[in-house]
Amino acid sequence: MRDIVILLDNGHGHNTEGKRSPKWADGVQLFEWKNNRRIVSAIANELDKLGIKYRILVPEDLDVSLSERAAR
């Protein structure tokens, strides 16, 4: 059986303009970069438990262009 590696791309970094919800009544605001990193982290934890290989394409919090993410 060939080795399979799951690629996880958490997208935009914290320095990308926009990419957030409006502020809700309680002042909370959802930031896409932060939410995506939480989701990718949870997926990575489950893959670890299952012994499945994966790679997080953008481990840093800064924005990485789509072309750079594709090259990785």
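As a basis for the values below, the full set of heavy atoms in this structure was taken, side chains included, without hydrogen atoms, waters or symmetry mates.
Placement of Leu7 and Ile39 in two distinct hydrophobic clusters is found when ILVMFWY residues are connected by side-chain heavy-atom separations under 4.5 Å, directly or transitively. Under the 4.5 Å side-chain heavy-atom criterion for grouping Ile, Leu, Val, Met, Phe, Trp and Tyr, Leu66 is not connected to Leu8 through any hydrophobic cluster.
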Pair up each side-chain donor or acceptor in residues 50-59 with any protein partner under 3.5 Å, not counting sequence neighbours, and list the distances.
residue : atom : partner : partner atom : Å
Tyr54   : OH   : Asp48   : OD1          : 3.3
Tyr54   : OH   : Asp48   : OD2          : 3.2
Arg55   : NH1  : Arg72   : O            : 2.8

Side chains of residues 23-32: which donor-acceptor pairs under 3.5 Å do they make with residues two or more places apart or in other chains?
residue : atom : partner : partner atom : Å
Asp26   : OD1  : Val28   : N            : 3.0
Gln29   : NE2  : Ser21   : O            : 2.8
Glu32   : OE2  : His12   : NE2          : 3.4

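A donor-acceptor pair is defined here as one N or O able to donate and one able to accept, closer than 3.5 Å; such a pair exists between the side chain of Arg37 and the backbone of Glu60.
You'll find the side chain of Ile6 stays beyond 4.5 Å of the side chain of Ile43, heavy atoms only.
Taking the side-chain hydrogen bond (donor to acceptor under 3.5 Å, both in side chains) definition, one finds that Asp9 meets it with Arg69, sequence neighbours left out.
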